[in-house]
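Every chain is numbered from 1, with letters handed out A, B, ... down the list of sequences.
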Protein chains: 2
Amino acid sequence: MLTEERYATILRILEEKKAVTVLDLTQALGASESTVRRDLAALHKSGRLYKVYGGATSLDNSYSSAEEDMKTKNDLFPEEKIAIARKAAGLIKPKDFVYLDAGTTTLHLIDFLTETSAVFVTNGMQHAARLSAKGFKVFIIGGAVKAVTEAVVGTEAMESLKNYNFTKGFFGTNGISPKSGFSTPDADEGTIKSAALLRCKEAFVLADRSKFNKISPITFAHLSSATIITGRLEDKKYRDYTTVIEGE
Amino acid sequence: MLTEERYATILRILEEKKAVTVLDLTQALGASESTVRRDLAALHKSGRLYKVYGGATSLDNSYSSAEEDMKTKNDLFPEEKIAIARKAAGLIKPKDFVYLDAGTTTLHLIDFLTETSAVFVTNGMQHAARLSAKGFKVFIIGGAVKAVTEAVVGTEAMESLKNYNFTKGFFGTNGISPKSGFSTPDADEGTIKSAALLRCKEAFVLADRSKFNKISPITFAHLSSATIITGRLEDKKYRDYTTVIEGE
DNA sequence: TAAAGTCCGTCAAAGTCAATCAAAGACACG
DNA sequence: CGTGTCTTTGATTGACTTTGACGGACTTTA
């Protein structure tokens, strides 16, 4: 089999399956492991696939590595997060102009969107990419990109926000407490959350049970300034401070 | 068997199978290895097939069926694009403040970056994600996200640009011609390119051979306003209009 | 942390290449 | 018909490229 034929076969398989192991390829090509590795190295070098540990992936999952990073975070209460995201997605109506905060819970929200006439603004790069892929009109906030979360923060981001007046905003949080309100560990992200929240007619904070009665270093809003969406509210006292929507 | 008959047979087989080995052809033609090699060399020289190690492949590399814009573009001159990207990456020095235009060639550039003290600004979401993953300090331009290319465009993007003064800028292009300069098919992207280029102390346009003597609808810069980085310059006249850097 | 799996460099063997050369055929000319 | 010239062909050669195996280093997983 010619080298070019092997290349073509590898790319064809990748196009179909998006990812493939070296072992699979040795069998599909009838070539040795060495040869497959060399092929992958060549195709990687010429930019036609991504080489990853154990095999290769197609080019179009350019966010895959970052998503993996975030998925680890996802493990905490996945079912609850999903339920919350679904509930929140249901709140979005036609013609809404929606701010979507970076974070895993709000990322899930996108999967449940059906309303296509809404317009989105976000500071999450993955959020923007996914919304765009789903056909929504989406704007991204400009500014510095934070490495781990791929959220946009900083003074430029603050400037960008000034131009918008949102009908609804959806936010993640790390801590909720009566005294400290909604809080987050990162000062930059906190500043953005705070500024964005002020520009929303209605603001919603998405939080699973693990977030209640926790305090993170930076408070970005008082409890009264946003409606909480959660799975099942264990500590009823929060109803005294703000509206709470419970998922199924 | 006549020479022309052999040529015809080889081309017919190739059309059908897309790739063939020398050995196969010696049997199909009843000719010696030497003759087959000579035939392939002649057909290669006259541009009717590609000679590869071990045999030959047909010209229409329709191995990969019709794909998205980005991917088909990628296939055109992958090796040259890589060489150009490597060359361009080498130009980035410590402390540079770099604008990186959205597009496939500039995306490849990221793979060759070694200088970690440089700071980047980009309007490509994939670019931002990848730069961030590699540990660079990166800012993304705010604005509307274009679905297909995942580039950020629009008036907000223009506003964002006003704050920056770049030491170097790297741009893609769709057409290069003496009269129409650098041109692109999309008006929004053209506007951004144009605005970003004006804010660069040094501007570089990355272009493979297929871009020369082509004109796209929207001109975003004159030839004199940027240095061209290409693989091998076929049309020497461009040296009269601006600086040209050739890759290996 | 140990075991399994994966990666990459090195090496020898197999395969492939281009150059060279002599033989065979084509063809014109005397 | 024989001769010389030119072209095409197939064999041979040494140089080069690709391949698969192996071992040590590294990474992932349990």
Side-chain angles (χ1 to χ4, degrees), chain A residues 1-11 13-14 17-58 61 64-76 78 148, chain B residues 1-11 13-14 17-58 61 63 78-79 82-83 86 111-112 114 133-135 248:
Chain A
M1 195 183 229
L2 294 175
T3 307
E4 290 298 327
E5 287 183 275
R6 289 201 313 274
Y7 287 0
T9 306
I10 292 171
L11 293 174
I13 291 174
L14 262 185
K17 308 213 296 182
K18 304 298 177 202
V20 68
T21 67
V22 172
L23 195 66
D24 286 347
L25 287 176
T26 58
Q27 287 160 7
L29 299 172
S32 73
E33 197 185 302
S34 299
T35 302
V36 170
R37 285 190 198 293
R38 272 187 283 254
D39 286 351
L40 293 185
L43 289 170
H44 175 78
K45 203 171 158 200
S46 72
R48 287 187 279 181
L49 53 71
Y50 288 125
K51 206 148 67 83
V52 298
Y53 194 88
T57 69
S58 66
N61 314 348
S64 59
S65 64
E67 271 185 56
E68 290 308 317
D69 283 348
M70 291 194 89
K71 268 179 197 154
T72 55
K73 247 177 136 184
N74 252 347
D75 285 339
L76 210 47
V148 193
Chain B
M1 192 185 248
L2 258 44
T3 307
E4 286 300 327
E5 280 184 84
R6 288 201 313 274
Y7 287 179
T9 306
I10 292 171
L11 293 174
I13 292 174
L14 261 187
K17 307 213 297 180
K18 305 298 179 199
V20 68
T21 67
V22 172
L23 194 67
D24 286 346
L25 287 176
T26 59
Q27 287 161 7
L29 299 172
S32 73
E33 196 185 299
S34 297
T35 302
V36 170
R37 283 189 199 294
R38 272 187 284 256
D39 287 351
L40 293 186
L43 289 169
H44 175 77
K45 208 173 159 195
S46 69
R48 286 190 278 177
L49 53 71
Y50 288 129
K51 204 149 67 83
V52 298
Y53 194 90
T57 68
S58 70
N61 278 1
Y63 288 120
E79 296 81 5
I82 298 294
R86 184 183 290 119
D111 293 335
F112 298 107
T114 52
K134 284 197 77 167
E248 2 134 35

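Computed from coordinates, the B:Leu2 CG to C:dG25 C1' distance equals 13 Å when rounded to whole Å. One interatomic measurement links the two molecules: CG of A:Leu23 to P of C:dA4, which rounds to 16 Å at whole-angstrom precision. Rounded to an integer number of Å, the gap from CE of A:Met1 to P of C:dT16 is 14 Å. The distance from atom CZ of A:Arg38 to atom C1' of C:dC11 is 11 Å, rounded to the nearest whole Å. A:Leu40 has its CG atom 13 Å from the P atom of C:dT6, to the nearest Å.
With sequence neighbours excluded, no residue satisfies side-chain hydrogen bond (donor to acceptor under 3.5 Å, both in side chains) with A:Thr9. Among residues two or more places apart in sequence or in another chain, the side-chain hydrogen bond (donor to acceptor under 3.5 Å, both in side chains) test is passed with B:Ser34 by none. Under the rule for a side-chain contact (heavy atoms from CB on, under 4.5 Å), the partners of B:Glu5 that lie at least two apart in sequence or sit in another chain are B:Met1, B:Leu2. Partners of B:Thr3 according to the side-chain hydrogen bond (donor to acceptor under 3.5 Å, both in side chains) rule, which considers only residues two or more places apart in sequence or in another chain, do not exist here. Qualifying side-chain hydrogen bond (donor to acceptor under 3.5 Å, both in side chains) partners for A:Thr21, counting only residues two or more places apart in sequence or in other chains: A:Asp24.
Residues from residues 29-36 of chain A lying near DNA chain D, meaning a heavy-atom separation below 4.0 Å, are A:Ser32, A:Ser34, A:Thr35 in numerical order.
With a cutoff of under 4.0 Å to any heavy atom of chain A, the contacted region of DNA chain D is bounded 5' to 3' by D:dT19 to D:dT28.
Contacts classified as salt bridge (Lys or Arg N to Asp or Glu O under 4.0 Å) and involving residues 31-41 of chain A (residues at least two apart or in different chains) are given here: A:Arg6-A:Asp39, A:Glu33-A:Arg37.
Considering only side-chain N and O atoms, A:Lys51 lies under 4.0 angstrom from the phosphate OP1 or OP2 of C:dC8.
Using a 4.5 Å heavy-atom cutoff, the side chains of B:Lys18 and B:Thr57 are not in contact.
Rounded to the nearest 0.5 angstrom, A:Glu4 CD and B:Tyr50 OH are separated by 10.0 Å.
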